Amino acid sequence: MRQGYGHMVVDDYVRRLRTLDARRSERLGEITTPADARAYCDEVKRRARACLGPLPERTPLKAAVTGQLLRDGYRIEKVTLESRPGVLVTANLYAPANLDRPAPAVLGACGHSEEGKAAPLYQQFCQRLVKAGFVVLIYDPINQGERDQYHGLANREAVRGCVAAHNMMGKQMELLGDWFGAWRLWDGIRCLDYLLSRPEVDAAHVGVTGNSGGGTMATWLLAADDRFTMGAPSCFVTTFVRNLENEEPADVEQYPPGAIAQGLEMVDFVLGRAPAPLILLGQRNCFFDRRGFEQASEEARRIYGLLGAENAFASFLGSHSHGFYADNQSAMVRFFAQQAGLGDIAVPEPDDPLPPEQLWATPSGQVVEAGATPIPRLIATRAARLLAETQLLEPSQFAHIVDTMLALPPRFGAPPYRVLRPERASGRTVGRYAIETERDIRAILRRVMPAGSDAEMSLDSPPTAPLWLPHLSAEEDLAEQPLALCLAARGELFALDARGLGESMPDDHRSFWNAYGMDYMAHGYATLMGESYLGRRVYDVLRTVDLLCDRGADSVHLYGRGQGAVLALLAAFVKDRIAHVTLLNMPPSFLGWAERPIVAWPAASFPPGILAHFDVPACLRALGERVTVRDNLAPAMS
């Protein structure tokens with residue numbers, strides 16, 4: 001398989017983000033007065049909160065202290081609470097001994113460590129803070145520490161690591177129009193509710209900190225909740241464009257929907273809270289690029305200066321690779337102590353970390369065994385309820401919903417195309433064409449012509465054009481799939497690699513299915529851009545149909561296999577000159593993707609919010625005689 005277009009999608013995003021970054025820099029350069037700075041902060045705060053929500057209503061916390069450990073100068077309480085009905089959060093509260101007045105407090109958000117709150121570095125920063133006089137609450141993220149959502153599942157290799165588990169739940173939530181990051185955010189907000197309920201806490205001085213994924217949550221939490229008076233995100237804040245240039249996929253909770261479309265950079269999420277005290281923490285060799293960290297720090301320093309709050313901002317770059325090491329911990333503790341009125345303190349040394357089981361808030365160290373409802377089950381229940389509440393649609397209504405759901409760009413006329421080098425073998429010619437669907441995106445069209453034909457330069461289409469949409473690669477399907485071989489033997493057959501598939505696949509087949517791979521990253525950046533990567537693949541199909549119709553076709557018959565079947569099904573509602581659709585290895589329902597705890601289909605095939613409108617069976621009924629289904633594939637695609 002050719003890989004000459006493997007960077008096409010990433011390069012397109014890089015060009016777009018660089019343009020947006022330049023415009024944002026121009027705007028920041030125009031901010032020269034305190035009033036300008038205040039207006040900018042207010043605007044980015046409003047936009048950031050729009051990206052992070054909506055959030056659910058508060059329900060009873062049902063908080064409980066299940067145990068206590070006494071250590072030299074402080075105690076550790078083991079805490080459980082419900083952030084949502086059935087969603088049990090496990091936490092540890094660190095409190096100084098012999099408090100005679102409310103103390104400043106810090107909420108600790110964990111990064112992506114399997115041990116969660118019990119990870120040694122996370123215990124250390126809590127110990128440093130409590131010894132400095134802070135009350136600290138640190139909680140386990142979803143699928144970390146005691147919060148394994150797949151506990152007891154026999155075959156769980158696909159969700160063995162916490163990032164893979166997050167991304168699994170995240171893509172399933174997309175079917176509901178939900179964002180996994182909002183679930184993570186809500187856990188933190190409810191933990192703040194609990195922290196502020198404690199009599200030991202001085203609500204006038206409440207910080208939030210965390211590293212990596214915890215730095216992400218510290219950033220989102222500071223943006224979302226004004227009760228935090230200071231923040232210290234570590235090893236997260238850089239720029240979106242630097243992550244993309246470095247081909248660094250992010251976790252699903254690190255792609256707030258529409259953030260880039262709203263004109264936001266990472267630092268804007270915390271600038272919205274200026275002049276609340278803020279320290280940005282990074283590491284010199286962190287994969288969150290320090291060039292972006294330095295840019296963010298300079299932008300924040302300038303805004304804080306214009307607001308007359310120079311002393312409320314700091315940045316610190318440690319000397320290590322990615323991690324919440326002692327240098328960043330110490331910078332955080334010193335900054336919080338100064339801002340909370342504790343003075344310029346000597347940062348305490350931590351104690352030896354405790355084994356995880358000593359910090360468990362549940363009897364067995366597993367929330368599911370303690371009665372929590374696994375989040376995959378909550379997703380399944382909500383998906384079924386959402387679909388049950390949908391209205392019966394007329395066939396004509398599907399086109400509008402698909403167009404809106406996939407955020408399809410407008411289409412005018414036929415797209416330009418390039419004639420690429422053809423392939424010739426066994427007396428048959430396969431023409432190749434690069435269809436310029438938008439900007440520098442090229443969908444690669446293959447044309448299997450009758451034996452002896454030499455008309456590959458013309459791209460003329462027969463009156464009824466058969467167009468094959470492959471599962472992964474048009475080249476491979478044309479060589480291996482029986483139906484494709486049969487169609488090709490009859491005469492002319494077209495086959496299309498939409499963006500990111502076949503010739504423009506960014507990596508090999510094995511990596512393509514990785515929950516943290518390049519295809520997943522392209523999907524994530526589409527989310528940040530307020531777009532749908534699936535929608536853009538459907539758009540490639542539609543533009544190809546436009547071209548075939550311009551080149552002589554009266555109608556087009558789509559043949560879609562696997563991922564291509566999803567594209568064909570959705571495209572059929574938008575383009576009336578798609579006369580018929582044959583679906584091979586089509587999932588029988590999208591609800592099935594939400595009902596199973598583990599699904600191998602890639603995130604880019606999950607239509608966003610579709611279960612609020614209809615499912616595959618309704619689509620098939622609406623298409624009626626225009627659709628033929630062959631060989632459904634199980635929802636797990638295992």
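Keep in mind it's a predicted model, so treat the numbers as computed, not measured. Numbering starts at 1 and runs along the sequence shown.
Ring geometry, Phe125 versus Tyr122: the interplanar angle exceeds 60°, so the pair is classed perpendicular (tilted spans 30 to 60°). The aromatic rings of His322 and Phe288 sit tilted, their planes meeting at an angle between 30° and 60°.
Taking Glu114 as the reference, Cys162 meet the side-chain contact (heavy atoms from CB on, under 4.5 Å) condition, with sequence neighbours excluded. Here Arg301 pairs with Glu298 under the salt bridge (Lys or Arg N to Asp or Glu O under 4.0 Å) rule; sequence neighbours left out. Taking the salt bridge (Lys or Arg N to Asp or Glu O under 4.0 Å) definition, one finds that Glu43 meets it with Arg46, Arg47, sequence neighbours left out. Under the salt bridge (Lys or Arg N to Asp or Glu O under 4.0 Å) criterion, Asp327 pairs with no residue, sequence neighbours left out. Applying the side-chain contact (heavy atoms from CB on, under 4.5 Å) test to Ala407 and every residue at least two apart in sequence or in another chain returns nothing. In this structure Phe240 satisfies the ring-ring contact (aromatic ring centres under 6.0 Å, His included) test with no other residue, sequence neighbours excluded. Here Arg23 pairs with nothing under the salt bridge (Lys or Arg N to Asp or Glu O under 4.0 Å) rule; sequence neighbours left out. For Tyr94, there are no ring-ring contact (aromatic ring centres under 6.0 Å, His included) partners at least two apart in sequence or on another chain.
In summary, the side chains of His166 and Gln149 do not present any donor paired with an acceptor at a separation below 3.5 Å, with no hydrogens or angles considered. No side-chain N or O of Asp497 forms a donor-acceptor pair with one of Tyr5 less than 3.5 Å apart. When only modelled atom types and interatomic distance are considered, Arg198 and Tyr194 share a side-chain donor-acceptor pair under 3.5 Å. Side-chain atoms of Trp183 and Asp178 form a donor-acceptor pair, as typed in the model, at a separation below 3.5 Å. A donor atom on one side chain and an acceptor atom on the other are not found under 3.5 Å apart for Ser511 and Asn514.
Judged by the 6.0 Å and 45° rule, Arg49 forms no cation-pi pair with Trp220.
Listed by first and then second residue, the side-chain hydrogen bond (donor to acceptor under 3.5 Å, both in side chains) pairs involving residues 267-281 are Arg24-Asp268, Tyr40-Asp268, Asp226-Arg273 (not counting sequence neighbours). Among residues at least two apart or in separate chains, salt bridge (Lys or Arg N to Asp or Glu O under 4.0 Å) pairs with a member in residues 400-413 are Arg411-Asp546. Within the structure, ring-ring contact (aromatic ring centres under 6.0 Å, His included) contacts touching residues 291-312 (residues at least two apart or in different chains) are Tyr304-Phe313.
Here the closest non-hydrogen pair linking Asn285 and Ser319 is ND2-O, 4.3 Å. Between Ala37 and Ile31, the shortest heavy-atom contact is N-CG2, 3.5 Å. Looking at every heavy atom in both residues, Val402 comes nearest to Leu570 through CG1-O, 3.7 Å.
Here the options are Leu534, Leu542, Asp540, the test is side-chain contact (heavy atoms from CB on, under 4.5 Å), and the partner is Leu567; only Leu534 passes. Looking at Tyr255, Tyr533, Tyr520 one by one, the single match for ring pair (Phe, Tyr, Trp, His ring centres under 6.0 Å) with Tyr525 turns out to be Tyr255.
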Please set out all donor-acceptor pairs under 3.5 angstrom arising from side-chain atoms of residues 332-341, sequence neighbours excluded.
from	atom 1	to	atom 2	distance (Å)
Gln339	NE2	Asn311	O	3.1

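Residues Arg128 and Glu349 are paired through a salt bridge, judged by an N-O separation under 4.0 Å between the basic side chain and the carboxylate. A salt bridge links Arg147 to Asp187: at least one charged side-chain nitrogen sits closer than 4.0 Å to a carboxylate oxygen.
If you take CD on Glu253 and CG on Asn167, they are separated by 7.0 Å, rounding to the nearest 0.5 Å.
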Glu248 vs Met521, side chain to side chain contact (heavy atoms under 4.5 Å, CB included): CA-CA, chis, key distance, verdict: CA-CA 8 Å; Glu248 288 287 347; Met521 186 183 77; 5.8 Å; no

Passes side-chain hydrogen bond (donor to acceptor under 3.5 Å, both in side chains), His112 versus Gln144? Steps please. CA-CA 8 Å; His112 290 96; Gln144 296 171 236; 4.7 Å; no

